[in-house]
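These notes are about the structure you will find just below.
Just so you know, ligand 1 is whichever comes first in the structure, and atom 1 is the first atom listed for that ligand.
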Amino acid sequence: MQVITDICSLRQAINGLKKNGQVISLVPTMGCFHEGHLALMRYARGISDVLVISIFVNPTQFGPNEDFKAYPRNLKRDIELASEVGVDLIFAPEPEEMYPIDFLTFVSVEKLTKYLCGKSRPTHFRGVCTVVLKLFNICQPDIAVFGEKDWQQLVIIKQMVRDLNVPVQIKSYPIVRESDGLAMSSRNVYLTPEERKQASGIYQGLCLAQKLVARGVREGLALKNRLIDFYARNIPLGKIDYLELVHPYRLEPVTEVKDKTLLAVAMYVGQARLIDNILLEP
Ligand code: PAF
């Protein structure tokens, strides 16, 4: 397994692999691996000849008062874990390599970036799209794999790839959860033991909504109110950022669960902003 930190060497390595006709997959990450990351890598490993991952805490996707500095980093451990799951090549650039001092170009996807996380993180997806497109241009993968926990990110990246004719196939992988249901996230390390206990209620609330839909509750407001009440009782340390029912691909709010509907939640629990989602099927 090679660890490469500069774009020029990475391109050379990729060009060599491409000449041999190998199918390259890319798993972009911000490091500090948990089982969720490793599951994406194992999946990508199984559908390609060469597995490239990137480890880069991307400054442009953090807002001015967000946790860029505090975001957990552990490159040494990440390298060991990546090697265990059979990664071939790690791209781990420094911020200056990706964003030289004279950097001026950003990628903005319209509309889809205004919903859900886009409301409280207005520049987040511009940063995500910019870095992801750069990673695609640098690594030239045939396949790229993203987790469904960041559902909105996935939908936006698919849109960007379609709109800009990027020759990459986007694949997704289901949310990986802790045994009590909490979606795995690098930000879970911010939680105190009590916050961690309560945070498992986020997924329990989503499952409650699923049960209510199965019992015939379809009205968006009724579902949301039941959930707000559930969260207030079970996660007193939490503060809901948003709790929304949206079309799974257009991300527009829906008022009634008629077809497949995404229920998405973002909640502050202590220092952590946690997101989760479930696809409701009436
Ligand atoms: O989902 C993430 O970890 C990040 O947003 C990504 C896709 C690696 C871009 O920095």
Side-chain angles (χ1 to χ4, degrees), residues 5 7 10 25-41 43-44 51-63 66-75 77-78 81-82 85 87 89-99 103 105-109 112-113 116-118 120-139 141 143-161 164 166 168-176 183-190 264 266 272-277:
T5 55
I7 294 169
L10 189 88
S25 63
L26 171 69
V27 180
T29 81
M30 299 211 296
C32 201
F33 294 155
H34 48 67
E35 199 41 50
H37 293 112
L38 302 180
L40 296 184
M41 291 177 209
Y43 171 63
L51 170 56
V52 182
I53 65 164
S54 59
I55 301 177
F56 180 60
V57 183
N58 172 36
T60 62
Q61 70 187 73
F62 290 81
E66 292 182 357
D67 57 342
F68 173 65
K69 281 216 177 94
Y71 195 86
R73 294 159 168 88
N74 196 341
L75 187 60
R77 180 173 163 273
D78 288 347
L81 291 172
V85 294
V87 170
L89 221 158
I90 299 182
F91 179 48
E94 289 296 326
E96 306 75 53
E97 182 69 5
M98 293 297 274
Y99 298 109
F103 187 89
T105 305
F106 288 88
V107 182
S108 283
V109 172
L112 297 174
T113 52
L116 304 174
C117 289
S120 50
R121 307 186 76 191
T123 56
H124 172 66
F125 291 113
R126 182 179 97 131
V128 169
C129 289
T130 303
V131 82
V132 169
L133 187 59
K134 279 173 73 70
L135 290 169
F136 287 169
N137 286 334
I138 294 165
C139 305
I143 299 167
V145 181
F146 294 86
E148 289 173 9
K149 181 168 80 72
D150 296 287
W151 185 281
Q152 186 177 15
Q153 167 174 283
L154 178 66
V155 170
I156 290 169
I157 287 169
K158 282 185 178 168
Q159 182 76 40
M160 174 185 79
V161 160
L164 300 181
V166 187
V168 63
Q169 202 185 339
I170 304 297
K171 299 269 194 188
S172 70
Y173 193 82
I175 301 177
V176 180
M184 289 196 184
S185 160
S186 304
R187 289 191 168 99
N188 292 351
V189 299
Y190 299 152
R273 182 177 178 280
L274 305 176
I275 58 171
D276 203 344
N277 67 72

Worksheet item: What residue and heavy atom of the protein are closest to atom 3 (O) of ligand 1, and at what distance?
Response: Met30 CG, 3.7 Å
Item to complete: Just need the protein heavy atom nearest to atom 1 (O) of ligand 1, so name the residue and atom and give the distance.
Response: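 The protein heavy atom lying closest is Gln153 NE2, 2.8 Å.
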Worksheet item: What is the distance from atom OG of Ser186 to atom OH of Tyr71, rounded to the nearest 0.5 Å?
Response: 3.5 Å
Return yes if some donor-acceptor pair links the side-chain N/O of [X] with the main-chain N/O of [Y] below 3.5 Å, else return no.
X      : Y      : answer
Gln159 : Ile156 : no
Gln152 : Cys117 : yes
Thr29  : Ser54  : yes

Pull out every atom of ligand 1 sitting under 4.0 Å from any heavy atom of [X], numbered as shown with elements.
X      : value
Pro28  : 8 (C)
Gln61  : 4 (C), 5 (O), 9 (C), 10 (O)
Val131 : 9 (C), 10 (O)

Fill in: Residues in ring-ring contact (aromatic ring centres under 6.0 Å, His included) contact with Phe56, at least two apart in sequence or another chain
none
